[in-house]
K.L.:
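After the structure tokens below, expect a handful of questions from me.
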Amino acid sequence: MTQPVLLTEGLSKAFGANVAVAEVSLAVREGTLHTIIGPNGAGKTTFFNLLTRDLPVSAGHIYYRGDEITALKPHQVAARGVGRSYQITSVFPSLTVLENAWLAAYRKETGGRLDFWSRPGAYTGADDKARAALGRVGLDGVADRPARELSYGDQRLLEIAVTLAAEPKLLLFDEPTSGLSADEARKVGTLVRALVPAYTVVMIEHNMDVVMAVSDRISVMQFGRLIADGDPAQIRDDQRVRDAYLGT
Amino acid sequence: MRGGSPFSLWWAALLTGIVVLPFAIPPSMATEVVIYGIVAVAANLLIGYAGLYSFGQAAFFGVGGYMTANLLLHLDLPVLPALALGAVVSGLVAALVGFVCVRRTGIYFIMLTFAFNQMIFYIAYQWRDATGGEDGLSGVPRPDVLGVDIGAPIAYYAFAALVFVLCFWAMGRIVASPFGRIVVATRENPRRAASVGFDVTRAQTAIFAMSGAFTGLAGGLYAMLYGLMPIDAVNWINSGNIVFMVLIGGTGNLFGPAAGAVIFIILQDVLSVVWARWPLLFGAVVIAVVLYFQGGFVELFHRLGRWATARRKARAR
Ligand SMILES: Nc1ncnc2c1ncn2[C@@H]1O[C@H](COP(=O)(O)OP(=O)(O)OP(=O)(O)O)[C@@H](O)[C@H]1O
Ligand SMILES: [Mg+2]
């Protein structure tokens with residue numbers, strides 16, 4: 001078997017006495033769509049926050065393509081090729097839709113160079129990448145609108161486009177369909193599925209229709225722990241998962 | 001640019017103002033306006049664009065001022081290299097100060113910049129050889145610039161105004177650059193900026209250093225204005241004044257703070273004669289601006305414009 005793209009060993013996070021993530025050891029294979037499910041408060045978002053170092057790790061290790069990245073800073077994790085989206089839409093509201101995606105593409109193109117003299121338009125490569133990402137989620141029509149003027153659904157799509165524009169190798173999506181209509185959710189599900197196997201995707205998701213339809217592998221979290229791991233059919237039949245989460 | 005008018009109109013207003021100013025008010029006061037114009041616009045790189053409320057800008061004004069003054073006094077350096085070195089040194093000091101301060105946010109950031117201001121003030125106060133202590137550093141010469149005599153008040157105004165325009169243009173390029181966009185991103189959503197892959201601390205330190213360099217350059221111009229670099233220029237009160245100028249003018253673009261500098265310098269001159277407690281009034285104005293006119297003077301202008309158009313339309317009907 002090939003080396004996993006992402007590997008965690010005993011990864012833990014405690015907020016005081018509250019252990020939000022408890023000794024999670026998880027391997028994500030290259031070119032797969034790996035979904036994490038679990039009840040509210042299970043520690044899924046916190047797990048992502050550890051991977052991207054939005055939060056410091058309490059214990060355990062994170063490896064990306066065999067290299068330990070546990071001690072890196074968020075921007076260094078991103079520079080390695082790990083991109084993420086947020087459960088609560090997190091964009092740059094006063095910048096236009098294109099500028100939002102452009103920033104991510106520019107970082108990828110230049111490594112985040114602090115060019116304080118050129119015009120942004122001089123970076124045509126970043127422009128192309130940004131427009132391609134917007135096209136992918138269908139936001140090319142509103143490229144010049146400030147992000148804050150977008151509808152909620154479109155902001156969710158922009159959230160994804162910004163993540164894609166940096167062309168990461170490993171994508172972490174935190175509930176990309178949250179708050180979307182069933183129709184929009186299906187569209188996003190299709191979109192995320194189409195990224196595989198060119199990209200490796202880890203997705204936190206509550207919408208079980210989407211999860212069962214698109215996942216290669218599913219991990220289930222409860223009370224900060226991984227309680228099950230398998231392909232969609234195995235998870236559907238797993239008694240612990242049914243008890244804990246599916247409620248049937 | 002958040003302003004509604006086209007960019008070129010702003011520039012036309014700015015250049016007209018620069019030409020008219022020395023005829024409307026005494027040339028030395030007009031020179032103070034353009035010097036503090038640089039300072040206020042540089043402060044807005046931090047306040048408006050980076051969202052960093054620096055209450056320590058006077059420190060960099062002082063570092064640049066003393067540096068340039070000493071180079072002119074003791075090394076007989078020509079004006080342009082003396083100013084440039086003043087800018088570089090204050091930029092370096094600002095880089096150091098910024099590097100520490102941007103590690104904290106909000107009120108803690110403000111307090112750190114304030115603390116550094118106090119520190120630099122006391123160094124200036126104690127280091128009499130370099131700063132003249134509380135008497136200030138006097139006898140700063142004003143040699144020719146590239147063979148042109150800038151001794152006369154109006155000639156010096158012309159020189160300072162030219163430096164202002166160049167600085168203003170340069171800062172305009174900076175905010176319109178990729179770096180400028182990154183800085184806005186770190187203000188709006190630092191966490192997202194980091195997860196997209198930008199080193200937020202580095203970007204903030206860089207803009208802090210740039211702002212400090214422009215401020216220091218202005219300090220050098222100020223030292224040559226009256227041939228004196230006073231200790232008051234480094235005082236935290238001056239930092240407060242700088243923030244006043246920015247808030248009163250408006251933080252939405254670079255033109256607002258320039259207007260803020262005009263308003264402040266003129267009001268200070270007029271009011272300090274009639275009423276010693278005039279800073280009280282300024283405090284009240286700032287509160288009003290923060291509560292009702294977040295866009296500052298520029299916003300007021302827009303609102304009046306809209307109001308006038310609405311009235312005209314109403315009357316036409
Ligand atoms: N910054 C924080 N400080 C303190 N406690 C936190 C913090 N972030 C999360 N928690 C706690 O950690 C636990 C896990 O939260 P987390 O957001 O990771 O859950 P989740 O699985 O993403 O839930 P949801 O499905 O509702 O998004 C919760 O008990 C939460 O209150
Ligand atoms: Mg969550």
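Residue numbers start from 1 in every chain, and the chains themselves are labelled A, B, ... in the order their sequence lines are given, proteins ahead of strands.
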K.L.:
Taking every non-hydrogen pair under 4.5 Å, which of A/Ala79, A/Pro93, A/Gly121 racks up the most with chain B?
P.N.:
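That would be A/Pro93.
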
K.L.:
Could you check which of A/Pro74, A/Gly83, A/Gly112, A/Pro120 has the highest count of heavy-atom pairs closer than 4.5 Å to chain B?
P.N.:
A/Pro120

K.L.:
Let's test your reading of the structure: which of B/Ala203, B/Ala206, B/Ala194 forms the most heavy-atom pairs below 4.5 Å with chain A?
P.N.:
B/Ala194

K.L.:
For each of A/Thr52, A/Asp54, A/Val77, tally heavy-atom pairs with chain B at distances under 4.5 Å, and name the one with the top tally.
P.N.:
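Maximum pair count with chain B is reached by A/Asp54.
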
K.L.:
Minimum heavy-atom separation for B/Gly197 and A/Ala78, please, with both atom names.
P.N.:
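So the two residues come closest at CA-CB, 3.5 Å.
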
K.L.:
When you measure from the side chain of B/Arg173 to the backbone N and O of A/Trp117, does any donor-acceptor pair fall under 3.5 Å?
P.N.:
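Pair found, side chain donor or acceptor close to backbone of A/Trp117.
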
K.L.:
For the atom pair CZ (B/Arg181) and OH (A/Tyr106), what is the distance rounded to the nearest 0.5 Å?
P.N.:
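The distance works out to 10.5 Å.
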
K.L.:
Got more than 12 heavy atoms from elsewhere within 6.0 Å of OH, B/Tyr108?
P.N.:
no

K.L.:
Does some side-chain heavy atom of A/Asn49 sit less than 4.5 Å from a side-chain heavy atom of B/Arg191?
P.N.:
yes

K.L.:
With a cut-off of 6.0 Å (strictly less than), are more than 12 heavy atoms of other residues, nucleotides or ligands near OH of A/Tyr63?
P.N.:
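Yes.
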
K.L.:
With only heavy atoms counted, which part of A/Thr110 is less than 4.5 Å from chain B, the side chain, the backbone, both or neither?
P.N.:
neither

K.L.:
For B/Phe179 and A/Leu114, work out which heavy atoms get closest and say how close.
P.N.:
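Scanning both residues completely, I find the closest heavy atoms to be CD1-CD2, 3.7 Å.
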
K.L.:
Between B/Phe198 and A/Leu103, which heavy-atom pair has the shortest distance, and what is it?
P.N.:
CZ-O, 3.3 Å

K.L.:
Tell me if a side-chain donor or acceptor on B/Arg192 pairs with a main-chain N or O of A/Val91 at a distance below 3.5 Å.
P.N.:
no

K.L.:
Show the numbers, then the answer: is there a side chain to side chain donor-acceptor pair (under 3.5 Å) between A/Ser90 and B/Asn189?
P.N.:
CA-CA 7 Å; A/Ser90 178; B/Asn189 195 339; 2.8 Å; yes

K.L.:
Taking CZ in B/Phe116 as the centre, count heavy atoms belonging to other residues, nucleotides or ligands within less than 6.0 Å. Is the count above 12?
P.N.:
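Correct, the count exceeds 12.
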
K.L.:
For B/Pro178 and A/Ser118, which heavy atoms make the closest approach, and how far apart are they?
P.N.:
CD-O, 3.3 Å

K.L.:
Please look at A/Arg53 and chain B and tell me whether the side chain, the backbone, both or neither of the residue comes under 4.5 angstrom of a heavy atom of that chain.
P.N.:
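Neither; nothing under 4.5 Å.
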
K.L.:
Starting at CD1 of B/Ile182, measure out to CZ of A/Arg107 and round the result to the nearest 0.5 Å.
P.N.:
10.5 Å

K.L.:
Between B/Glu188 and A/Ser94, is there a donor-acceptor pair closer than 3.5 Å when you use the side chain of the first and the backbone of the second?
P.N.:
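Yes: the side chain of B/Glu188 pairs with the backbone of A/Ser94.
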
